[in-house]
Amino acid sequence: MNLQRIHHVAIIASDYERSKRFYTQVLGLRIVAEVYREARDSWKLDLALPDGTQLELFSFPSPPPRPSYPEACGLRHLAFEVADVVQSAAQLQAQGIDVEPVRVDEYTGRRFTFFADPDGLPIELYEATP
């Protein structure tokens with residue numbers, strides 16, 4: 001096996017329209033496809049980052065809440081690389097998104113911060129290598 005890169009990450013939203021707005025309008029991801037799957041009473045929205053990596057946003061009737069605090073086993077957070085963490089954090093804050101203070105990774109020296117999606121999924125912004 002020769003894994004090449006992550007193709008997509010799947011997210012289940014409690015409020016599909018709210019999460020769709022967040023990922024497309026706040027984070028600026030491009031819509032690739034959107035389908036309603038009648039047999040599952042579920043929407044599936046494919047979103048793309050500039051490098052082709054995708055997020056799949058799903059809706060399902062009555063999904064259970066995501067255990068976050070204390071952190072549960074499994075996916076911990078989603079991280080996006082950005083050119084400037086401080087500038088990106090300011091753009092989120094201007095849109096009413098709570099963002100943690102910017103910190104510096106003690107091992108890489110790169111800046112990072114966290115915020116949450118509408119369902120509380122932790123999202124990290126990690127600064128690209130200069």
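In this text the structure is predicted, and so the values were computed from the model without any measurement.
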Checklist entry - With sequence neighbours left out, which residue pairs that include part of residues 73-100 fulfil the ring-ring contact (aromatic ring centres under 6.0 Å, His included) condition? => result H77-F114
Checklist entry - Does R5 reach the side chain of T53, with side-chain heavy atoms less than 4.5 Å apart? => result yes
Checklist entry - Do V82 and F112 belong together in a cluster built from hydrophobic side chains that touch within less than 4.5 Å? => result no
Item to check | Partners meeting ring pair (Phe, Tyr, Trp, His ring centres under 6.0 Å) with H8 (sequence neighbours left out) | outcome: none
Checklist entry - Can you name the residues that form a side-chain contact (heavy atoms from CB on, under 4.5 Å) with R18, not counting sequence neighbours? => result S14, D15, R21, P118, D119
Checklist outcome for this item: residues 81-93 vs salt bridge (charged side-chain N to carboxylate O under 4.0 Å, His left out), sequence neighbours excluded, gives E81-R110, D84-R111
Item to check | Co-membership, hydrophobic cluster, residues V104 and F115, 4.5 Å side-chain | outcome: no
Item to check | Sequence-distant partners of D105, salt bridge (charged side-chain N to carboxylate O under 4.0 Å, His left out), two or more places apart | outcome: none
Checklist entry - Just by distance, do the side chain of E127 and the backbone of V85 share a donor-acceptor pair under 3.5 Å? => result yes
Side-chain donor/acceptor pairs under 3.5 Å, residues 95-102, sequence neighbours excluded:
| residue | atom | partner | partner atom | Å |
| --- | --- | --- | --- | --- |
| E100 | OE1 | R103 | NH2 | 3.2 |

Next on the checklist: Going by ring pair (Phe, Tyr, Trp, His ring centres under 6.0 Å), name the residues that satisfy it together with Y23, two or more places apart in sequence or in a different chain.
Outcome noted: none
Checklist entry - With a 4.5 Å heavy-atom cut-off, do L29 and F22 have their side chains touching? => result no
Listed pairs under 3.5 Å, donor-acceptor, residues 30-40 side chains, sequence neighbours left out:
| residue | atom | partner | partner atom | Å |
| --- | --- | --- | --- | --- |
| E34 | OE1 | K20 | NZ | 3.1 |
| E34 | OE2 | Y16 | OH | 2.6 |
| E34 | OE2 | K20 | NZ | 3.0 |
| Y36 | OH | D41 | OD1 | 2.5 |
| R37 | NH2 | S42 | OG | 3.1 |

Checklist entry - Between D46 and L55, is any pair of side-chain heavy atoms under 4.5 Å apart? => result no
Next on the checklist: So, using ring pair (Phe, Tyr, Trp, His ring centres under 6.0 Å) as the criterion, who are the partners of Y126 when residues are at least two apart?
Outcome noted: none
Checklist entry - Which hydrophobic side chains are connected to F58, either touching it within the sub-4.5 Å cutoff or through other members that do? => result I12, F60
Checklist outcome for this item: Sequence neighbours excluded, the answer for ring pair (Phe, Tyr, Trp, His ring centres under 6.0 Å) partners of Y107 is none
Item to check | Min side-chain heavy-atom separation L78-I11 under 4.5 Å | outcome: yes
Next on the checklist: Within this structure, what is the CD-CG distance for the pair Q87 and L92, rounded to the nearest 0.5 Å?
Outcome noted: 11.0 Å
Checklist entry - Does some side-chain heavy atom of T24 sit less than 4.5 Å from a side-chain heavy atom of L27? => result no
